[in-house]
Peer 1: 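Structure provided below as C-alpha cells; questions to follow.
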Amino acid sequence: MKLGTEDRKYLKLAISTAEENMSDGGGPFGAVIVRNGIVVARSGNRVVPGHDPTAHAEVMAIRLAAEASGTHDLSDCVIYASCEPCPMCLGAIYWAGIRRIVYASDRYQAAAAGFSDNHIYEELALGNSERTIEMIRGLESEGDAVLRKWEEFPDKIQY
C-alpha cells in the first residue's frame, strides 16, 4: 500500500523525532500520535536518560496523548513510528485502542542495529512453564476475589 501525503508527513516527523532524540541521549526511535490531522503527542525513546525500560517512543507518546486528551481511549488516533513497534509497544497500542500503525523501519533492521525483540516474540508463543522467566502462581483465590469485586463494582470504567 502506498503512503498518502498526510501519512508521509507524519512518518517523516516520527523519523526526525528519532534523530533529534539521539542527540539528546535517547535511542533511535520516535513516535507521533495524530487525531483528525492534528499532532496530539510525539516522543522519542527515553529508556537510558529516564532509567526506564518501558520508556519506548510509542509508550511515551501514548502516555502524553492520553494525558493531553484526558482519556485512555485513543481509538480515534493513528500512531506513526520510526520503526515497527516492539511487542511491549504493540501491546500498549492495542490497550490504547489505536487501530492504525504506520511505521518506517522494521524489526529486522532494528535487530541489525542491536535492538532484537525476536526472543520476546518467541517467548510469547510459549506456555508459562516453558518461558525463560520463571512464572509462579499463588494465592489464586485472593487474586480471583479482587476480580470478582471488580465485576460488581458500581463505579467501574471498563477498559
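Position 1 is the first residue of the sequence; numbering continues from there. Computed over heavy atoms, backbone and side chain alike; hydrogens, waters and symmetry mates excluded.
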Peer 1: Distance from Ile120 atom CD1 to Thr132 atom OG1, nearest 0.5 Å?
Peer 2: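 Nearest 0.5 Å value for the CD1-OG1 distance: 10.0 Å.
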
Peer 1: Within this structure, what is the CD-NZ distance for the pair Glu19 and Lys12, rounded to the nearest 0.5 Å?
Peer 2: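 Going from CD on Glu19 over to NZ on Lys12, the span is 11.5 Å.
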
Peer 1: Do any N or O atoms from the side chain of Glu58 and from the backbone of Ile93 form a donor-acceptor pair under 3.5 angstrom?
Peer 2: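 No; zero donor-acceptor contacts below 3.5 Å.
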
Peer 1: Could you walk me through whether Val34 and Lys9 pass the side-chain contact (heavy atoms from CB on, under 4.5 Å) test, one step at a time?
Peer 2: CA-CA 11 Å; Val34 176; Lys9 176 173 100 175; over 6 Å; no

Peer 1: Do the non-hydrogen side-chain atoms of Asp7 and Arg100 ever get within less than 4.5 Å of each other?
Peer 2: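 SC-SC contact between Asp7 and Arg100 confirmed.
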
Peer 1: State, to 0.1 Å, how close Leu126 and Arg131 come at their nearest heavy-atom pair, and which atoms those are.
Peer 2: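 Minimum heavy-atom separation between Leu126 and Arg131: O-NH2, 3.2 Å.
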
Peer 1: At what distance, to the nearest 0.5 angstrom, does NE2 of His56 lie from OG of Ser43?
Peer 2: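 It comes to 11.5 Å.
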
Peer 1: Would you sort out whether Ser75 and Asp73 count as a side-chain hydrogen bond (donor to acceptor under 3.5 Å, both in side chains), showing the intermediate values?
Peer 2: CA-CA 6 Å; Ser75 58; Asp73 181 2; 2.8 Å; yes

Peer 1: Is there a continuous path of hydrophobic side-chain contacts, each under 4.5 Å between heavy atoms, that joins Leu64 to Ile79?
Peer 2: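 In one cluster with Leu64: Ile79, no.
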
Peer 1: Can you see whether Arg35 engages Ser69 through a side-chain donor-acceptor pair at a distance of less than 3.5 angstrom?
Peer 2: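 A pair is found: one side chain offers a donor N or O, the other an acceptor, under 3.5 Å apart.
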
Peer 1: Would a 4.5 Å heavy-atom cut-off, applied to side chains only, mark Phe115 and Pro28 as touching?
Peer 2: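 Yes. Closest side-chain heavy atoms under 4.5 Å.
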
Peer 1: Is Ile33 reachable from Tyr94 through a run of I, L, V, M, F, W or Y residues, each pair having side-chain heavy atoms under 4.5 Å apart?
Peer 2: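 As far as the 4.5 Å side-chain criterion goes, Ile33 and Tyr94 are connected within one cluster.
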
Peer 1: Can Ser116 and Asn118 be counted as having a side-chain donor-acceptor contact under 3.5 angstrom?
Peer 2: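 Judged by distance alone, the side chains do not pair up.
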
Peer 1: For Tyr159, I'd like to know if atom OH has over 12 heavy atoms of other residues, nucleotides or ligands within 6.0 Å.
Peer 2: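 At most 12 heavy atoms, drawn from other residues, nucleotides or ligands, come within 6.0 Å of this atom.
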
Peer 1: Are any non-hydrogen side-chain atoms of Ile101 and Pro85 less than 4.5 angstrom apart?
Peer 2: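 Contact flag for Ile101/Pro85 side chains = yes.
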
Peer 1: How close do Gly30 and Ala18 get, heavy atom to heavy atom, and via which atoms?
Peer 2: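 Taking every non-hydrogen atom into account, N-CB, 3.4 Å.
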
Peer 1: Quick check for you: to the nearest 0.5 Å, what is the distance between Cys86 atom SG and Tyr121 atom OH?
Peer 2: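 With rounding to 0.5 Å, SG (Cys86) is 7.0 Å from OH (Tyr121).
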
Peer 1: Write down the atom of Glu84, the atom of Asp106, and the distance for their closest heavy-atom approach.
Peer 2: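 The pair with the smallest heavy-atom distance is OE1-CB, 3.5 Å.
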
Peer 1: Quick one: closest heavy-atom pair of Thr17 and Leu13, and the distance?
Peer 2: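 Minimum heavy-atom separation between Thr17 and Leu13: OG1-O, 2.7 Å.
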
Peer 1: Identify the two heavy atoms, one from Pro87 and one from Leu124, that lie closest to each other, and give their separation to 0.1 Å.
Peer 2: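 Of all heavy-atom pairs spanning Pro87 and Leu124, the closest is CB-CD1, 4.0 Å.
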
Peer 1: Would you call Asp24 and Arg46 a salt bridge, using N to O less than 4.0 angstrom?
Peer 2: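 Yes, Asp24 and Arg46 are salt-bridged.
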
Peer 1: Under a 4.5 Å cut-off applied to non-hydrogen side-chain atoms, are Asn45 and Met60 in contact?
Peer 2: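 With C-beta onward as the side chain, the pair stays apart.
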
Peer 1: Quick check: closest heavy atoms across Ser141 and Arg148, and the distance to 0.1 Å?
Peer 2: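 Smallest interatomic distance, heavy atoms only, reads O-NH2, 4.0 Å.
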
Peer 1: Counting only heavy atoms not in Lys156, do more than 12 sit closer than 6.0 Å to its NZ atom?
Peer 2: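 Count over threshold, so yes.
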
Peer 1: Measure the spacing between CG of Leu11 and CG of Leu3 and express it to the nearest 0.5 Å.
Peer 2: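 Rounded to the nearest 0.5 Å, the CG-CG separation comes to 6.0 Å.
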
Peer 1: Once rounded to the nearest 0.5 Å, what's the spacing between atom CD of Glu140 and atom CD of Glu142?
Peer 2: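 That separation rounds to 8.5 Å.
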
Peer 1: Out of curiosity, does Val102 fall in the hydrophobic cluster containing Ile98 (side-chain heavy atoms, cut-off under 4.5 Å, transitive links)?
Peer 2: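 Shared cluster, no.
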
Peer 1: Please examine the side chains of His72 and Ile157, heavy atoms only from C-beta on, and report whether any two atoms are closer than 4.5 Å.
Peer 2: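 Yes - at least one pair of side-chain heavy atoms lies under 4.5 Å apart.
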
Peer 1: Check this for me: Glu67, atom CD, are more than 12 non-hydrogen atoms of other residues, nucleotides or ligands nearer than 6.0 Å?
Peer 2: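 Open.
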
Peer 1: Test Tyr80 against every option in Phe29, Tyr103, Tyr10 by the ring pair (Phe, Tyr, Trp, His ring centres under 6.0 Å) rule and name the one that passes.
Peer 2: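 Among Phe29, Tyr103, Tyr10, the one meeting ring pair (Phe, Tyr, Trp, His ring centres under 6.0 Å) with Tyr80 is Tyr10.
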
Peer 1: Are Leu90 and Leu74 connected into the same hydrophobic cluster when the rule is that any two of I, L, V, M, F, W, Y join if their side-chain heavy atoms are below 4.5 Å apart?
Peer 2: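 Same hydrophobic cluster.
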
